[in-house]
Amino acid sequence: MTDPTRTPTSPTARRVGAPAVEGPPRPPARRRLPFSPWHLLLLPVAVVFLLPFAEMFLTSFSPASDITRIPPGFWPSRFTLDGYERLFAESGILRWLGNTVVVSVVSIASHLVLCSLAGYGFARLRFPGRELGFLGILATIMIPSQLLMVPTYVVFAKLGLVNDLGAAIVPWLASAFGIFLMRQFFLSLPAELEEAGRVDGCSRLQVFLLVVLPLARPAMATLAIFTLLGSWNDLVWPLVAINDEQNFTLQLGLTTFQGTRRTDWSLLMAGNVVATVPLIVLFLLAQKQFVATMASAGLKG
Amino acid sequence: MTTYPSPVRPPTPRPVRRRRVPGEALAGWGFVAPALVVVGGLTLFPAVWALVLSFRRWDGFSPQVGVGTQNYRDLFSDPSLLGAALHTVLYTAMFVPASLLLGLTLATALNRRIRFIGFYRTAVFVPFVVSAAATGILTTYLFSPQFGLVNNVLRVLHLPQQGWLEDSGQAMVVITIMSLWGQAAFTTVIYLAALQDVPHETVEAARIDGANSFQVTWRVVWPQLRPVTVFVGVYQTLQALQLFDLVYATTRGGPLEATQTIVYLIWTTAFQQLQFGYGSAIAYALFVVTLAVTVAVTVTQRRAARRTR
């Protein structure tokens, strides 16, 4: 990436971890029109963006025979759960779902603990080697993941970790980005709060746990969302590290469907629904936080 | 592996006025060491090892053979690498400008108070959470020449049917379209944030001075968005140069290697053909190129910014 220390300041750069976008847009300069011409752009765009989802759900509830209909129809000839029944009967989808949940939960928990500790340490504590350590962390951000695949795979193979679900988890235990994100947040907290805790006789760790962490919830939610999106949707690394179908993650399992079940579209789409719906539901529930998270991803620069 | 977007602009460390407390060094390292060990162990160490491997020939089982710079010299006479590089550049050239334009348009449209704006935003943002694997399966279905929705629409409109992913001339275009579907939210949300940061007073002042909306957009708002555009452009370029997931989930490099990208080639070289050394050399070459692109853009941009100041 760019030189980490000096990049042209983006006007929005200061709000890492803070909700950036969900605030209501500024009131328009003119009076609101009864019908805005922007609908003419936005409505078709929304339809095009949502169509793949509609197709995914409809196909997942279609009988397999629909695929041979000429001409093909958008609406299923009848609604059926056949696709889901075959999915659950013939594949390890529930097991893969479980594996993915385990990977994501462990990744998020570990990210939250390790990155908030390190972020706080780098932001607030003074110790010899701090600058060097932080610079090292920043340097790792520039290293592309493709470079790391081969040696990491070899090390995991030597440790007997390949094929193990643990292999999918280890790279997600902590990240430079997470440390950076948390450090930014802690830097933005007023130091006086902690001074008060110190005066009251708390240790560093107590101040961190009792005073600082409760304030860090927005930043931690952001970090959790990033980690969830990354670990839930990761494909390359599980593909490299896991060969045993028992230990597949959802994404890996889905891609194996494609070769073997290319024609069974209702089953494939049912699999897609299972892999996607948890994140869509979460997105709809926590849309504001999600959007702020996306924004803060761009605001690192 | 971790594919987080990278923080690029650390703030200058705030000077701490506190007295140096004994034991603070221990506490400090206690806080940062666990994460430092994980991140360092998973990046710095493998990165150095990959460099060592790139000067060797190794299939993971037989003894390693030092081959000097042979792997790097092979890069220049490898027809698949040349093809992969061209496809990657083609994808980047289609994806990055389209993504910026789409993001800017959508952000401009979404940045107003009209009815159903929440619905519109949701529609644009929700594909962002869909994985490349699921997107890949959807892509294969929607763009299927026989029963896909896209060809169906063409049929209704009496337009000629297309081969899409099965046509080597069109496959990369389809992948670009679906990448845009999944990634539009990213550029949109960043432009949206930037638009909301444009000082209201400046826009008002321009209007009072008699500027029309086109002039306001072009002369007042756009210059404010330039740094964001450069940043997002660089970021999206780096992402585009690393395209892998969607290719794997749709065409697996086909048809006739038309969608074979650099990272896809790295993966097949290393993990299908078990050429760990040569795979590492390609990965390092890609790293050097992306670094060069980033540095070049940053330097040019900084010069331009200095000129306009």
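Chain letters run A, B, ... following the sequence lines, proteins first, then strands; residues in each count from 1.
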Structural part of A:Val45 lying under 4.5 Å from a heavy atom of chain B:
side chain
A:Leu279 versus chain B, heavy atoms under 4.5 Å apart: side chain, backbone, both or neither?
both
Would you mind checking which part of A:Leu254 comes under 4.5 Å of any heavy atom in chain B, side chain (CB onward), backbone (N, CA, C, O), both or neither?
both
What part of A:Val170 gets within 4.5 angstrom of chain B, counting heavy atoms only: side chain, backbone, both, or neither?
both
Is it the side chain or the backbone of B:Val130 that comes within 4.5 Å of chain A heavy atoms, both, or neither?
both
Part of A:Phe283 lying under 4.5 Å from any heavy atom of chain B
side chain
For the rings on A:Tyr153 and B:Phe271, is their centre-to-centre separation under 6.0 Å?
yes
Does NZ or CZ of A:Arg204 come closer than 6.0 Å to the centre of the six-membered ring of B:Phe31, within 45° of the ring's axis?
no
Proximity breakdown for A:Leu252 and chain B, heavy-atom pairs closer than 4.5 Å
neither
Does B:Gln275 have any side-chain contact (heavy atoms from CB on, under 4.5 Å) partners at least two apart in sequence or in another chain, and if so, which?
B:Thr269, B:Gln273, B:Tyr278
Below 4.5 Å from any heavy atom of chain A, which atoms of B:Ile137 appear? Answer side chain, backbone, both or neither.
both
Applying ring pair (Phe, Tyr, Trp, His ring centres under 6.0 Å), can you list everything that pairs with B:Tyr191, at least two apart in sequence or on another chain?
none
